[in-house]
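Each remark here refers to the structure printed beneath this line.
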Amino acid sequence: MSKLFKMVILGAPGSGKGTISSRILRDFGLKHLSSGDILRSQVLKKTDVGQMAEKYMKSGKLVPDETMVKLISSELAGMNTSAWLLDGFPRTRAQAEALSQHEKLDLVLSLEVPDEVIIERIKGRWTHLTSGRIYHTEFNPPKEPGKDDLTGEPLVQREDDKAESVRRRLELYAANTGPLKALYQELGILENFHGTESNEIWPRVHKYLQGFIPAKGGPF
Ligand code: ATP
Ligand code: MG
């Protein structure tokens, strides 16, 4: 392949972005760049960027565009020998415009899962806080309702998994992502994948990507 493939994945919290991303990496051998992971490593290393970003991350706010653009551009500059998948960046129209000055994207893939499906999925989620084990009242219920299978300790519903919090995050996502998608639509590189489950969306994503990059494995 003459040119290295560069793509961005968009998807609301709970849309299955993590699942689809990991399958893309597995089957197409792209390098993965996650803005959340990069930020968390800056926080751990206590860099200047990490220390300033931490305040925003803790309160669930977006880190300022200027900081994000600098951080991600420098990561990308060191990756000009491999194809990549960018995840979590850009998050705002300003970030997208800045990115487009340095990098020409081949594809922006957007997972379009209805809000109501996401809310139903997340609101049934219960967590065992000390181990991080996650259950779902419908898809993966604990043996005894409200109790962890291994310890018998009570399960809790995380504050941000409650329906109202999820709804708020989805609204924020839509407000930030709308202008981004409009830009990529104009550029003719946006591809929407509608569906309700990763297993149903994935074969279509796989097939579509095969038109751009040779796959290493099968669709499942
Ligand atoms: P998701 O459920 O999609 O993973 P998240 O809120 O956990 O959502 P991460 O991508 O893990 O998102 O990022 C964690 C935090 O880092 C965000 O809440 C935000 O404060 C900050 N962050 C990550 N990417 C960006 C970005 N592109 N612009 C601004 N802030 C960002
Ligand atoms: Mg995350």
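As the structure lists them, so they are numbered: ligands from 1, and atoms in each ligand from 1.
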Heteroatom distance test (Gly88, ligand 1): nitrogen or oxygen, under 3.5 angstrom: yes
Partners meeting side-chain contact (heavy atoms from CB on, under 4.5 Å) with Arg125 (sequence neighbours left out): Ile122, Ile134, Asp161
Nearest option to atom 31 (C) of ligand 1, as decided by whichever heavy atom of Leu172, Leu39, Asp87 sits closest: Leu39
Numbered atoms of ligand 1 (with element) below 4.0 Å of Lys61, judged on heavy atoms: 19 (C), 20 (O)
Minimum heavy-atom distance between Ile201 and His194, given as atom pair plus value: CG1-O, 4.2 Å
Numbered atoms of ligand 1 (with element) below 4.0 Å of Arg40, judged on heavy atoms: 11 (O), 14 (C)
Residues which pass side chain to side chain donor-acceptor pair (under 3.5 Å) with Arg169, listed by chain and number, not counting sequence neighbours: none
Contact (N/O only, under 3.5 Å) between Val63 and ligand 1: yes
Residue selection (non-hydrogen contact nearest atom 5 (P) of ligand 1) among Lys58, Gln95, Met57, Arg91: Arg91
Thr196 backbone acceptor or donor facing Arg121 side chain under 3.5 Å: yes
Contacting atoms of ligand 1, where contact means under 4.0 angstrom from a heavy atom of Gly36: 9 (P), 10 (O), 11 (O), 13 (O)
For the student: nearest non-hydrogen atoms of Val113 and Ser15, plus distance: CG2-O, 3.6 Å
Numbered atoms and elements of ligand 1 in range of Ser35, under 4.0 angstrom, heavy atoms: 23 (C), 24 (N), 25 (C)
Aromatic ring pairing Trp202/Phe28, orientation class (parallel under 30°, perpendicular over 60°, tilted between): perpendicular
